[in-house]
2 protein chains.
Amino acid sequence: MSTRAAPGGTSRVAAPTRREQILREAARLFAERGFHGVGVDEIGAAVGISGPGLYRHFAGKDAMLAELLVGISERLLEGGRARVEASAGDPDTLLAALVDGHIDFALDDRPLITLHDRELDRLRDDDRHRVRQLQRQYVELWVATVRDLHPATPESEARAAVHAVFGLLNSTPHLGSGLPGRGATEALLRRLAHGAFGALGVPGA
Amino acid sequence: MSTRAAPGGTSRVAAPTRREQILREAARLFAERGFHGVGVDEIGAAVGISGPGLYRHFAGKDAMLAELLVGISERLLEGGRARVEASAGDPDTLLAALVDGHIDFALDDRPLITLHDRELDRLRDDDRHRVRQLQRQYVELWVATVRDLHPATPESEARAAVHAVFGLLNSTPHLGSGLPGRGATEALLRRLAHGAFGALGVPGA
DNA sequence: GCGCGCGGTTAGTGACCGTTAACGTCCTTC
DNA sequence: GAAGGACGTTAACGGTCACTAACCGCGCGC
C-alpha cells in the first residue's frame, strides 16, 4: 500500500500516515480526558477505524503515550540545542530564542504540552526514565543560560525560576477560547516571560 | 466513639476526622496518578481501612473529588475576596496580597493545586459548573485588579496574563524535591510574578 | 493470476474496578 | 443491659476495557 508520499511528485506537506493520524488524535483525547479516561475504541473512532484496528499500528495504548512523550521531549531538546548553536554565545539572544521557541511549541502543540507534565507516570519504567532525562537536559539548557545572565542567582533558584516560566508559557491550554489571537498571545507571553526573568536581576525585598 | 475533640480539653490542632483523613489521602493519590488511575482500595489502604469502608463516609469516588474541588475553589475565592476588602481600594497592595495568598496556597496544598486544573472534567455536570463559576469569579478578581493597575491593557490580554501567572505560581508541584526552601521559594515566586505583571506596563517590542 | 501480507473487521475473554449486600463489633445511651 | 447506630469487614455482582483470536478483502510483486 505505502499510502506515503504524494504520487505525482508534488509532495506537498506529505499526507499524514495512519500512524501519525492516530498519534494526533490520541494526543488530543489524552489531553482532554486523561490517559485512563480514554478508551481504545474512542481513539479508533477518531481516525475512522474501530477499536482493535489500532493494534495493527501500535503494540498497545501505552506505546502510543510513550511515543508521544518521547517524541515531544526529543523535539524540545533538539530545538533548544539548535538555538544554543545559533546563538554564538550571546546569552541575551539565546534566552530570547529559547523563549520564542518554547512559545511556538506551546501554541502549536497544546495537547502535547498538557500531556508532557501530566501523564508521565503512566509510562513503563524505561520510557519514563528516558523522558525524564530528556526533560532534564532541556531544563539544564535554560538554567545555564539564566545563570549566565544572572550569575548571582543560586542554581536551585534558577532551576525553580525556569520551571515557573515553563508553567507560565504552558498555561495556554487553560484558555481554550478567549485568547487574544495568535500574534498577540505570542507577544504577551514573550513579554511576561522576560519580565519574570528580568526580576531575577533585582533581588529587592 | 466521636473520635473528635481532644479528651483532656487541650484541643490542640484538633485531630483530623476520618473524612478529612480520607480527603487528604485521596487528594494526594489523585494528584499523583490521576482520578481514574487510583482505585478505591488504594484510598482505603492509605487511611488504614480497606476498600468499601469508604462508602460509610462518601457516596462514591466522584463525591470525594467533588468535595475536594469545590472546597478548594471556595477557599481560593473566599481568600481573594477577603483581601479585596482589606486592601482599601489600593490596587498595588491588593495585587501583592493576591499574589502572596496564592503562593501560600500553592505551597501549602500542592496536590489540590494539581487537581484543580487537571481533573475538573471528571465531575458531574452541576459540580463542574459550580467549580467553574467559582474559578471564574476568582479570576475576575485578579483581572479587575490588573486592569486597575494597567488600564491600557485590553481585557482579553489581562485575563491571559492572569492565567499565565497562575501557571507560574502553580508550577511548584513540578519541583517535587530540589526546591530552595519554603521562604526562598515564596520570595522567588513573588518576585517572578511581579516581574511578569510589571511587563504589562511597558508594551515595548 | 496467484500468493501474501497489510490493514481492517467482529466476537470473545479475562482482569479490574466501583459499588452494593450482608454481616459483625464495639460504644453510647437510656 | 438491651437497643441502636457508627464504622468496619468480606463476598459478590455488573460493567467497562485492553487486548487477542479468527477471519477477510484487496493491491502488489512475481
Side-chain angles (χ1 to χ4, degrees), chain A residues 1-8 15-30 32-69 115 119 121-125 127, chain B residues 1-8 14-27 29-30 32-69 115 119 121-125 127:
Chain A
M1 219 319 187
S2 111
T3 221
R4 213 66 263 296
T17 308
R18 198 16 79 87
R19 270 184 73 88
E20 292 166 343
Q21 245 187 93
I22 294 172
L23 285 175
R24 223 185 135 76
E25 295 303 310
R28 186 179 55 81
L29 289 167
F30 288 160
E32 274 174 16
R33 296 210 282 288
F35 181 68
H36 290 298
V38 181
V40 290
D41 289 357
E42 290 177 84
I43 304 175
V47 298
I49 73 183
S50 221
L54 295 173
Y55 288 80
R56 298 288 165 201
H57 303 275
F58 293 93
K61 212 177 132 190
D62 306 357
M64 301 180 207
L65 183 64
E67 191 157 330
L68 284 171
L69 291 189
L115 289 183
E119 307 286 357
D121 305 323
R122 262 55 100 196
L123 256 46
R124 280 197 346 259
D125 279 13
D127 287 326
Chain B
M1 218 317 185
S2 112
T3 223
R4 217 63 263 297
T17 309
R18 208 0 89 84
R19 270 184 73 88
E20 291 166 343
Q21 247 185 92
I22 294 172
L23 284 175
R24 223 184 135 75
E25 295 302 311
L29 288 167
F30 289 160
E32 274 174 16
R33 297 211 281 289
F35 181 69
H36 290 299
V38 181
V40 290
D41 289 357
E42 291 177 84
I43 303 175
V47 298
I49 72 182
S50 222
L54 295 171
Y55 288 78
R56 298 286 165 202
H57 304 273
F58 293 93
K61 210 176 133 190
D62 306 357
M64 302 180 206
L65 184 64
E67 191 157 329
L68 285 170
L69 292 188
L115 288 182
E119 306 286 358
D121 305 324
R122 262 53 101 198
L123 257 46
R124 279 194 351 256
D125 279 15
D127 287 325

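The chains referred to below are lettered A, B, ... by the order of the sequence lines, with proteins before strands, and numbering in each begins at 1. Just so it is clear, the structure is predicted and the values come from calculations on it, not from any experiment.
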key: Flag, side chain of A:Arg122 to backbone of A:Asp62, donor-acceptor distance under 3.5 Å   =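 No: the side chain of A:Arg122 does not pair with the backbone of A:Asp62.
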
**Item:** Backbone of A:Val47 reached by a side-chain donor or acceptor of A:Glu25 within 3.5 Å
**Value:**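 It does not hold such a pair.
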
What's the [atom1]-[atom2] distance between [X] and [N], to the nearest Å?
{"X": "B:Tyr55", "N": "C:dT19", "atom1": "OH", "atom2": "C1'", "value": "5 Å"}
{"X": "B:Gln21", "N": "D:dC7", "atom1": "CD", "atom2": "P", "value": "12 Å"}
{"X": "A:Arg122", "N": "D:dC17", "atom1": "CZ", "atom2": "P", "value": "17 Å"}
{"X": "A:Asp41", "N": "C:dG12", "atom1": "CG", "atom2": "C1'", "value": "14 Å"}
{"X": "A:Ile43", "N": "C:dG8", "atom1": "CD1", "atom2": "P", "value": "15 Å"}

Over all heavy atoms of both residues, which pair between [X] and [Y] is shortest? Give the atoms and the distance, please.
{"X": "B:Leu54", "Y": "B:Ile49", "answer": "N-CD1, 3.9 Å"}
{"X": "A:Asp127", "Y": "A:Ala66", "answer": "OD2-CB, 3.5 Å"}
{"X": "B:Gly34", "Y": "B:Glu119", "answer": "CA-OE2, 3.2 Å"}
{"X": "A:Leu29", "Y": "A:Ala46", "answer": "CD1-CB, 4.2 Å"}
{"X": "A:Lys61", "Y": "A:Tyr55", "answer": "N-OH, 4.4 Å"}

Separation between [atom1] of [X] and [atom2] of [Y], rounded to the nearest 0.5 Å:
{"X": "A:Leu69", "Y": "A:Leu115", "atom1": "CG", "atom2": "CG", "answer": "6.0 Å"}
{"X": "B:Met64", "Y": "B:Phe30", "atom1": "CE", "atom2": "CZ", "answer": "6.5 Å"}
{"X": "A:Gln21", "Y": "A:Ile43", "atom1": "CD", "atom2": "CD1", "answer": "13.5 Å"}

How about A:Arg24: does its CZ atom have over 12 heavy atoms from other parts shown lying under 6.0 Å from it?
-> no

Under 3.5 Å, which protein N or O atoms sit close to an N or O of nucleotides 8-10 of chain D? Give each pair with its distance.
| from | atom 1 | to | atom 2 | distance (Å) |
| --- | --- | --- | --- | --- |
| D:dG8 | OP1 | B:Arg18 | NH1 | 2.3 |
| D:dG8 | OP2 | B:His57 | NE2 | 2.8 |
| D:dG8 | N7 | B:Arg56 | NE | 3.1 |
| D:dG8 | O6 | B:Arg56 | NH2 | 2.3 |
| D:dT9 | OP1 | B:Ser50 | N | 3.3 |
| D:dT9 | OP2 | B:Ser50 | N | 2.9 |
| D:dT9 | OP2 | B:Ser50 | O | 3.3 |

message: Using a 4.0 Å heavy-atom cut-off, does A:Val38 contact any base of the nucleic acid, only the sugar-phosphate backbone, or nothing at all?
response: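 A:Val38: backbone/sugar contact only, no base atoms under 4.0 Å.
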
Rounding to the nearest 10°, end axes of the helix from C:dG1-D:dC30 to C:dC30-D:dG1 built from five pairs each make an angle of 10°

Checklist line | Interface with DNA chain D, restricted to residues 60-67 of chain A and to heavy atoms under 4.0 Å | finding: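 Within this stretch, A:Gly60, A:Lys61 sit under 4.0 Å of the strand.
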
